[in-house]
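As structure tokens, the structure follows; a few thoughts come after it.
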Amino acid sequence: MFFHLDMDCFYASVEMREYPQHKGKALAVGGHSGRGVLTTCNYIARDFGVRSAMPVFKAKQICPDLICLPVRMKLYREESIKVRAILEKEFSTVEMASIDEAYLEKDLDPEDALAFAVEIRKKIYDQLRLPCSIGIAPNKMLAKIGSGHCKPDNQMIIREEEIMSFMKELPIRAIPGVGPKTQERFRKLGVEKCSNLWRFSMDELNASFGVWGAALYDRSRGVDERKINTSRERKSLSVERTFLESVESEAELLQKVDKIFPEFQERLGKYLKANEVSVQKVYVVLKFSDFQRTTLEITSQQIYLEQMKELVQKAFQRSNKAVRLLGLGARFKTASSRPRNPRQLRLL
Ligand code: TTP
Ligand code: MG
């Protein structure tokens with residue numbers, strides 16, 4: 001069985017633990033000034049309609065008593081490492097998919113898997129005082145949908161024989177990777193639920209969505225063949241900055257690139273010296289104040305400032321919105337991305 005564990009309102013839960021005096025109150029993290037946006041908020045605040053990416057002033061309008069605390073990334077990273085350590089004791093396969101979520105696998109029948117999830121959640125709560133939710137299913141996608149479905153502080157299982165009836169009514173936006181744009185394209189075609197997608201052939205989806213089409217064909221039927229990725233081999237390295245106040249102009253954003261680039265260059269240089277990898281691609285990531293994100297990458301073995309600036313400029317011009325996060329990154333050609341046995345391949 002596959003398990004997907006996701007911490008409940010992660011940054012907000014850590015802060016609630018650190019400040020017990022705020023227990024029972026609406027609390028959010030982020031939004032340092034009136035111009036800022038919230039990173040996340042607890043479930044009490046969500047009952048008022050407060051959401052992540054919401055501007056602070058708007059959140060305060062709908063929830064006047066909202067407590068807004070600054071983001072403390074270092075603390076959340078430490079907690080994430082502790083969660084991972086607990087999971088590594090209990091599962092031999094652990095893939096941390098982000099700071100607060102993990103894919104796990106264990107060979108258990110459904111009833112035992114459910115009992116095991118209860119036990120894991122209790123362990124994490126007892127040791128860290130942090131709540132989480134777990135989805136259990138025959139594959140990664142369904143497990144992830146499950147954890148989202150049962151949140152907060154809960155677990156659920158989707159059994160093999162329940163997959164089709166579960167998928168039938170599921171809105172397509174519940175498929176991980178289906179964002180507002182894909183959703184809108186489908187809405188125009190009258191597709192709202194996964195079962196509405198079943199009438200398209202794999203070829204039709206491929207023609208409209210490229211490689212993503214084949215995945216959509218499978219995912220809408222609850223099929224997901226992906227394995228858990230436990231590899232610790234780095235596939236990329238990036239340096240990211242979240243700005244306290246969003247950056248609104250292109251000129252200002254390019255100055256930020258000047259500032260971040262030396263750190264990126266230094267960390268990359270160190271990594272390349274210490275590891276047997278070479279740069280294959282460079283990329284930039286921008287996250288806008290409405291939490292939309294865009295990435296732009298090109299094939300290049302060289303890293304230089306002007307090239308990064310050009311990428312950032314192009315990415316910014318895609319939407320010209322205020323930027324709250326900027327990342328500069330490189331992807332590597334690693335041992336596992338090269339042919340295993342090049343000599344034999346040449347012979348063939
Ligand atoms: P999520 O798991 O998406 O959100 P959450 O843990 O706050 O709430 P939920 O109970 O619904 O899982 O993200 C984990 C953390 O990542 C979250 O606490 C704050 C941070 N985060 C961002 O920095 N940017 C984002 O766009 C989102 C969605 C979250
Ligand atoms: Mg979470």
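Just so you know, ligand 1 is whichever comes first in the structure, and atom 1 is the first atom listed for that ligand.
When non-hydrogen atoms are compared, ligand 1 lies under 4.0 Å from the backbone of Tyr11 as well as from its side chain. With a 4.0 Å heavy-atom cut-off, ligand 1 is reached by the side chain of Arg46 but not by its N, CA, C or O. Looking at Tyr43 against ligand 1, only its side chain comes within 4.0 Å, counting heavy atoms. Contacts with ligand 1 closer than 4.0 Å are made by no heavy atom of Glu101, backbone or side chain.
The Mg ion (ligand 2) has an N, O or S atom of Met7 closer than 2.8 Å. Among the backbone and side-chain atoms of Asp6, an N, O or S atom lies under 2.8 Å from the Mg ion (ligand 2). At least one N, O or S atom of Asp100 sits under 2.8 Å from the Mg ion (ligand 2).
Salt-bridge annotation for Arg121 and Asp153: present, with a side-chain N of the basic residue lying under 4.0 Å from a carboxylate O of the acidic one. A salt bridge is defined here as a Lys NZ or Arg NE, NH1 or NH2 lying under 4.0 Å from an Asp or Glu carboxylate O, and Lys82 with Glu78 fails to meet this definition. Classification of Lys122 and Glu119 as a salt-bridged pair fails, no side-chain N sitting under 4.0 Å from a carboxylate O. Salt-bridge formation is detected for the pair Arg72/Glu15: a Lys NZ or Arg NE/NH1/NH2 atom is positioned less than 4.0 Å from an Asp or Glu carboxylate oxygen. Ion pairing between a basic and an acidic side chain is recognised when a charged N comes within 4.0 Å of a carboxylate O; Lys309 and Asp258 show such pairing. Remark: Lys321 does not engage Glu248 in a salt bridge, criterion side-chain N to carboxylate O under 4.0 Å.
Among all non-hydrogen protein atoms, the one lying nearest atom 5 (P) of ligand 1 is Cys9 CA, 3.5 Å. Protein heavy atom closest to atom 27 (C) of ligand 1, with residue, atom name and distance, is Phe291 CE2, 4.1 Å. When hydrogens are left out, the protein atom nearest atom 22 (C) of ligand 1 is Thr39 CG2, 3.6 Å; that is the closest non-hydrogen contact. The shortest contact between atom 28 (C) of ligand 1 and any protein heavy atom is with Ser52 OG, 4.2 Å. Nearest to atom 7 (O) of ligand 1 among the protein's heavy atoms is Thr40 OG1, 2.6 Å.
Cation-pi geometry between Arg293 and Phe288 is not satisfied (NZ or CZ under 6.0 Å from the ring centre, within 45° of the ring normal).
Taking the centre of each ring, Phe261 and Tyr304 stay at or above the 6.0 Å mark. Not less than 6.0 angstrom separates the ring centroid of Tyr43 from the ring centroid of Phe48. Between Phe186 and Phe209, the gap from one ring centroid to the other is short of 6.0 Å.
Listed by number with element, the atoms of ligand 1 under 4.0 Å from a non-hydrogen atom of Asp8 are 10 (O). Distances below 4.0 Å separate heavy atoms of Lys287 from the following atoms of ligand 1: 24 (N), 26 (O). Proximity to Phe10 (heavy-atom distance under 4.0 Å) selects the following atoms of ligand 1: 5 (P), 6 (O), 7 (O), 18 (O).
Checked by distance only, ligand 1 and Ala12 stay at 3.5 Å or farther apart across all their nitrogen or oxygen atoms. At least one N/O-N/O distance between Asp6 and ligand 1 falls below 3.5 Å. Distances between N or O atoms of Ile99 and those of ligand 1 include no value under 3.5 Å. Of the polar atoms of Asp100, at least one N or O is found under 3.5 Å from an N or O of ligand 1, judged by distance alone.
Atom 10 (O) of ligand 1 is flagged as protein-proximal [any protein heavy atom, distance under 4.0 Å].
Remark: of the listed residues Arg219, Glu225, His4, Arg219 is the sole one forming a side chain to side chain contact (heavy atoms under 4.5 Å, CB included) with Met141.
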Q: Take Glu79 and Tyr11 through the side chain to side chain donor-acceptor pair (under 3.5 Å) test and state the conclusion after the steps.
A: CA-CA 10 Å; Glu79 295 310 305; Tyr11 302 177; over 6 Å; no
